[in-house]
Number of protein chains: 2
Amino acid sequence: MTAVRRERILEQLRADGGRVTTARRALVTALLDADEHVTADDLAATVQAAHPDVHRSTIYRTLDALERLGVVEHVHLGHGRAIYHLSDEAHHHLVCETCGFVVEVPEQLFDDLATQVRSQYDFAIHPRHFAIIGRCGGCAAAPATASG
Amino acid sequence: MTAVRRERILEQLRADGGRVTTARRALVTALLDADEHVTADDLAATVQAAHPDVHRSTIYRTLDALERLGVVEHVHLGHGRAIYHLSDEAHHHLVCETCGFVVEVPEQLFDDLATQVRSQYDFAIHPRHFAIIGRCGGCAAAPATASG
DNA sequence: TTAGCTGCAAAAGGTTTGCAAATTA
DNA sequence: TAATTTGCAAACCTTTTGCAGCTAA
């Protein structure tokens with residue numbers, strides 16, 4: 001079934017006038033196989049395990065192409081680092097500022113907030129693009145250190 | 001009145017065992033005079049207008065010291081860029097992904113969300129540290145471009 | 001006097017870009 | 001064939017760091 005999704009994505013690239021190359025095939029495969037929260041670096045490592053010549057810049061350019069097609073999204077978790085995932089796995093990220101643990105929460109949790117913001121501020125939030133920082137239960141007693 | 005606030009902040013530095021220097025005085029003044037949403041670069045420019053020798057690294061180190069004292073906070077707006085503001089002006093930031101316009105909203109808007117997240121996920125959100133991305137009313141019709 | 005700051009230069013970390021060669025459709 | 005991608009190297013941007021000299025308390 002992953003194979004079908006993979007072909008569908010590659011076909012989207014072609015339909016957009018793009019080419020399907022070894023590097024792109026490998027990246028799409030890596031995205032489909034990935035756990036959540038993969039960085040560009042993680043993806044590069046996965047791709048390079050099978051295709052050592054694929055350069056990081058190709059990873060970034062392909063991710064950019066896929067993002068323009070709406071296939072993937074990236075989210076900033078802290079500092080400069082971003083994570084990438086398929087758009088259909090959309091959710092929000094809560095990141096513990098102490099231990100870095102990432103909690104995924106459903107989008108609907110933001111529905112009320114989104115409604116209020118839309119009516120009061122004429123602003124349509126799309127809050128997936130940044131993580132929400134806070135403290136997980138386990139760290140609630142410990143002092144904060146890393147945040148970004 | 002700004003002068004009083006300035007002295008109070010400088011005194012906090014002293015109380016912490018720190019020194020009050022020309023660079024630090026100038027930076028605190030710049031923070032107090034600043035509009036919202038100043039970057040480290042903006043602050044450096046303001047400080048350097050009066051004190052050309054003050055180096056960017058000093059700006060960062062002083063901002064860091066002030067942040068450890070709880071006097072300022074920084075928020076990530078996109079890409080690597082962060083903005084700084086005084087802690088007592090705490091609020092959330094909605095950033096339009098199309099035009100970059102920043103809307104400030106009160107913290108209380110997040111109260112319900114925070115309550116839900118705490119009870120359902122045992123996670124205490126502190127959502128000021130990242131901006132919320134979306135689309136402002138004016139750009140609602142236009143296609144998205146810049147996001148970060 | 002001495003702990004704490006400073007400017008400088010250099011590096012780090014993640015991402016982007018110019019280019020000529022290679023490849024896809 | 002013509003347009004698109006690629007690898008490489010170098011650049012970019014913001015932030016951090018090591019260090020020796022300077023300075024506030």
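A, B, ... follow the sequence lines: proteins, then strands. Residue 1 opens every chain.
Put simply, CG on B:Asp64 is 12 Å from P on D:dT15, counting in whole angstrom units. When rounded to the nearest whole Å, the span between CZ of B:Arg81 and P of D:dC12 equals 15 Å. Following rounding to the nearest Å, B:His55 (NE2) and D:dG18 (P) show an atom-to-atom distance of 16 Å.
Set against D:dC8, C:dT24, D:dA24, the side chain of B:Thr21 has D:dA24 as its closest nucleotide. Comparing atom distances between the B:Tyr60 side chain and each of D:dT15, C:dG14, D:dG7 picks out D:dT15 as nearest. In this structure, of C:dC5, D:dT6, C:dT15, it is D:dT6 that holds the atom nearest to the side chain of A:Arg24.
Under 3.5 Å, the side chain of B:Arg19 and the base of C:dA3 form at least one donor-acceptor pair of N or O atoms. The base of C:dG7 sits within donor-acceptor range of the side chain of B:Arg61, with an N or O pair under 3.5 Å.
A:Asp41 and A:Arg56 are joined by a salt bridge, as a carboxylate oxygen and a charged side-chain nitrogen come within less than 4.0 angstrom of each other. Using a 4.0 Å cut-off between charged side-chain N and carboxylate O, B:Arg118 and B:Asp122 make no salt bridge.
Evaluation of the side chain to side chain contact (heavy atoms under 4.5 Å, CB included) rule for A:Arg25 yields A:Arg6, A:Leu10, A:Arg14, A:Val20 as partners, not counting sequence neighbours.
Nearest-nucleotide positions on DNA chain D place B:Ser57 closer to the 5' end than the other of B:Ser57 and B:Thr22.
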